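A short worksheet on the structure shown next.
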Amino acid sequence: MNKLAENESSGAYNCALCGSSDLRIFYEVENVPASCNHLWKKKDDALNCPKGDIKLALCRSCTFISNVAIEPEKNQYDNGYDNSLFYSAHFREFTKKLTSMLVEKYGLYKKNIVEIGGGKVDFLSSLRELGKNCVFRFNPFYPKFDSSNQEVNSPSSSISKSFPSVFEGEKIDFVFSYHELEHINNPKIFLKNLWMMLNKSGSLRVFFSVPNALKAFDEGDYSDIIYEHVSYFTIPSLHFLFSICRFEISSVQETRGEIFDSIHVDAIRKLTKTPNLTPVSELSIRQIDQIIQKFSAKTLENINKLGLQIIKLLGKGNRIVIWGAGARGVTFLNILKDQRIDYAVDINPHKHGMYVPGTGQKIVAPEFLIDYRPDFIILANPAYKKEIEQLMDSLGIVARYLLI
Ligand SMILES: [Zn+2]
């Protein structure tokens, strides 16, 4: 399904951040589900879901990586889209930890805080509780998304007010966003607009967390490369992006051992008319270029290793399910394309009874496994292993685990 790296320079595209045409295409996958997190009520609809191509290109001027084959109109964030992570106690614990750190580090008490994004996480409730803050959600990516239907995602009325209307009347003190920037079609235009929208708020702090794409590329981890992710950020490209949009980065931190490997960006909105650009060094470009050139081959090796193991186990009559019908699980199923895996397990009750886009596995609750008795469980995200093991123990289910 995925081709070995072309690793060729293409003059056909321009970088969305710096405009350069010196892009190296290094990874291609055709015909993947356009929305990994849009689940389907009927198996046929799931199998025939809208699809698109992924063609990742590295800009050799600013190191920004993007899917140059993206057709933005295919990214449908409507009410059928559910990427909530909030059903996991492990994730809720993580939100508590991160928000406690933010409240303490930045003195977020009785402040006006905006969270950009929505649909998968809720850091706002915690920010409100911990610092008695007034919190708002700005959901620019989901024009068709009615958050009032998602009880987990809109836990209080005080966050249902839209950001532009908040902006008109209130001074904002802090802007927060967790794993949303990579979904935005053009992050430069978005951040420039954000700077403008915050005009009445003056200088303020913003905090963005994005997936650590380069770490994934270095490890040959393909599971987070999904159609919804338009952008993949490196630390130098983040510096470049924020500086061109008149934000000054105070610190960039690579996190390990969280739910997802991330880069946390802490920046200040600068009150300046002209951007003070942070150019990308030749050395950074060379180092990043070397990593991405090896990615396609490493990925193929990883896919073949686990894929062949699973095919062998299925051939011997083992029952195998995958745990996690989110982006990583759906991506893996669409790479493996083995119809002998009938079920995907998920703890999100809104997903139960639905079907996986592209490959059509039925999504079931963990309790389903009491009768089904799988021999092996593929873990879409190993970060949840402990939580899953505990749940399996409590249900009296004994299975072995395979890690993506
Ligand atoms: Zn560029």
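Both ligands and their constituent atoms are indexed starting at 1 by order of listing. Starting from 1, each residue takes its place in the sequence as its number. Reckoned from all heavy atoms, side chains included, excluding hydrogens, waters and symmetry mates. All values derive from a computational prediction rather than experimental measurement.
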Between Ser20 and Asp22: side-chain donor-acceptor atoms closer than 3.5 Å: no
Minimum-distance pair of heavy atoms, taken over all atoms of His90 and Tyr384: CD2-CD2, 3.9 Å
Pairs meeting criterion ring-ring contact (aromatic ring centres under 6.0 Å, His included) with involvement of residues 265-313, two or more places apart: Tyr27-Phe295, Phe217-Phe295
Polar side chain donor-acceptor pair, Ser281 to Ser284, under 3.5 angstrom: yes
Heavy-atom closest pair, residues Pro366 and Asp346: CD-O, 3.6 Å
Count of N, O or S atoms belonging to protein, less than 2.8 Å from the Zn ion (ligand 1): 4
Minimum-distance pair of heavy atoms, taken over all atoms of His183 and Val230: O-CG2, 3.6 Å
